Number of protein chains: 2
Amino acid sequence: MGHQTVTWDDELVPSDSGRTVAPSANCPVEVALAAISGRWATLVLRDLMGGPRSFSALRAGLPQLSAKVLTERLDGLVAQGLVRRDRSPGFPARTAYALTGAGLALRPLLVELYRTGEALLKSTS
Amino acid sequence: MGHQTVTWDDELVPSDSGRTVAPSANCPVEVALAAISGRWATLVLRDLMGGPRSFSALRAGLPQLSAKVLTERLDGLVAQGLVRRDRSPGFPARTAYALTGAGLALRPLLVELYRTGEALLKSTS
DNA sequence: CAGGATCCTAAAAGATACTG
DNA sequence: CAGTATCTTTTAGGATCCTG
């Protein structure tokens, strides 16, 4: 096949860091995985891709997801800078969750997840 | 922006199945996620992208990974049809693990994971 | 060489009830 | 409305020792 200009390793491993030999927080792959990990993460992200959502709207869209787990997911996404939490003062409380620019950057990854999953389903059937 | 011909939902939700409201095994996204989930899955897959590997070669490449966990990962990948296990008869035992066609189909997803992770790292720094 | 068998710990998820 | 507090269950991962 001749020599390729770009190999898997070229794309996956920074040339100055050597080969990844264990899961490490500063590996790009791990960073991306952290964003979509957790049983409900992709579903929450999908809902947010449609625009800002309130806590209750997210719960309504994902009926089986408990408040506790949703809070945990959201906290994680906020901590990673993927989602912004906007609290409106007053009572009853109102909060909107919206994707940040970094959060929006996940869209191609989610699309690729879907695409790959479809391909796997076809090759299996 | 005008109307788009393809929206997130168009790509992510089959039109005949309604909206996904809980993690479900027949959702393409879940299928793809299953392939790359587990603390070491992406690292094992990366090694296999380089060609067939023996059990020991995989262990040597991932020194911190225990035999048990590697076996679990490999069993999962085989069960999903992503990896083929080729046992050579005789003693000592010899086994080669190789990606199937379906397994090779994961490459773009891994590349996208890397790409997205890099983007996130940049937007954070 | 390539695992299987056990036991243990930690983290994630779920159920339920309650509060600012 | 938007969470918090607890408690219980589930699951992934790791350590160690053993076997075909």
Side-chain angles (χ1 to χ4, degrees), chain A residues 20-25 27 29-30 33-45 47-48 51-80 83-98, chain B residues 20-25 27 29-30 33-45 47-48 51-80 83-98:
Chain A
T20 303
V21 106
S24 111
C27 169
V29 173
E30 294 293 319
L33 267 125
I36 58 172
S37 75
R39 201 150 139 51
W40 296 87
T42 53
L43 260 14
V44 170
L45 286 170
D47 275 21
L48 291 175
R53 296 279 185 269
S54 68
F55 190 85
S56 308
L58 290 170
R59 287 209 68 189
L62 282 345
Q64 316 220 69
L65 174 54
S66 76
K68 193 200 98 177
V69 174
L70 177 55
T71 300
E72 286 173 355
R73 249 350 93 226
L74 254 11
D75 286 351
L77 293 170
V78 169
Q80 290 171 77
V83 166
R84 182 176 40 241
R85 174 188 279 121
D86 294 323
R87 295 196 154 102
S88 309
F91 192 89
R94 247 171 208 288
T95 311
Y97 291 92
Chain B
T20 304
V21 105
S24 112
C27 169
V29 173
E30 295 294 319
L33 243 21
I36 57 171
S37 75
R39 202 151 137 51
W40 297 85
T42 54
L43 261 13
V44 171
L45 286 169
D47 275 21
L48 291 176
R53 298 279 185 267
S54 68
F55 190 84
S56 307
L58 289 170
R59 289 209 66 186
L62 283 342
Q64 317 219 69
L65 175 53
S66 77
K68 193 200 100 177
V69 174
L70 177 56
T71 300
E72 286 175 355
R73 254 343 99 227
L74 254 12
D75 285 351
L77 293 170
V78 169
Q80 292 172 77
V83 166
R84 182 177 40 243
R85 174 188 278 121
D86 295 323
R87 295 194 154 104
S88 310
F91 192 90
R94 249 177 206 283
T95 310
Y97 290 91

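The sequence lines fix the lettering, A, B, ..., with proteins before strands; numbering per chain opens at 1. Being a predicted model, the structure only gives us computed values, none of them experimental. All values below were derived from every heavy atom in this structure, side-chain atoms included, with hydrogens, water molecules and symmetry-related copies excluded.
- Neither OP1 nor OP2 of C:dA12 sits under 4.0 Å from any side-chain N or O of A:Trp40.
- To the nearest angstrom, P of C:dG3 lies 13 Å from CG of B:Leu77.
- The CG-P distance, from B:Leu70 to D:dG13, rounds to 12 Å in whole Å.
- For A:Ala93, taking side-chain heavy atoms from C-beta onward, the closest of the listed nucleotides C:dG4, D:dC1, D:dG20 is D:dC1.
- Residue B:Thr95 has a polar side-chain atom (N or O) positioned under 4.0 Å from OP1 or OP2 of C:dG3.
- Taking all atoms of both residues into account, the shortest heavy-atom contact from B:Arg73 to B:Ser37 is NH1-O, 3.8 Å.
- For C:dG4, its base never sits under 3.5 Å from the side chain of B:Lys68 at any donor and acceptor pair.
- Between C:dA13 and A:Arg73, a contact under 4.0 Å exists linking OP1 or OP2 to a side-chain N or O.
- What separates CD of B:Glu72 from P of C:dA5 is a distance of 12 Å, to the nearest Å.
- Between A:Gln80 and A:Ala34, the shortest heavy-atom contact is OE1-C, 3.5 Å.
- Heavy-atom minimum distance, B:Cys27 versus B:Thr20: SG-OG1, 4.4 Å.
- Dashed line: the shortest gap from a side-chain N or O of A:Arg87 to OP1 or OP2 of D:dG3 is under 4.0 Å.
- Distance from the side chain of A:Arg94 is smallest for D:dA2 among the nucleotides C:dC1, D:dG3, D:dA2.
- Here the C1' atom of nucleotide D:dA2 and the CG atom of A:Asp75 are 12 Å apart, to the nearest Å.
- Toward the 5' end of DNA chain C, the nearer of the two residues A:Phe91 and A:Gln64, judged by each one's closest nucleotide, is A:Gln64.
- B:Thr71 comes within 4.0 angstrom of sugar-phosphate atoms only, judged by non-hydrogen atoms across all strands, and of no base.
- At D:dT11, none of the side-chain N or O atoms of A:Arg39 fall inside 4.0 Å of OP1 or OP2 (strictly under the cut-off).
- Nearest to the side-chain atoms of A:Arg85 among the listed nucleotides D:dG3, C:dC1, D:dT6 stands D:dG3.
- Separating the CG atom of A:Leu65 from the C1' atom of C:dA12 is a distance of 13 Å, rounded to the nearest angstrom.
- Note: CZ (B:Arg59) to P (C:dG4) measures 13 Å, nearest angstrom.
- Look at CZ on A:Phe55: it is 14 Å from C1' on C:dT19, rounded to the nearest Å.
- Taking all atoms of both residues into account, the shortest heavy-atom contact from A:Val21 to B:Trp40 is O-CZ3, 3.8 Å.
- Contact between A:Gly61 and A:Pro63 at its shortest, heavy atoms only, is O-CD, 3.4 Å.
- Contact between the side-chain N/O atoms of A:Tyr97 and the OP1/OP2 oxygens of D:dG3 is found at a separation under 4.0 Å.
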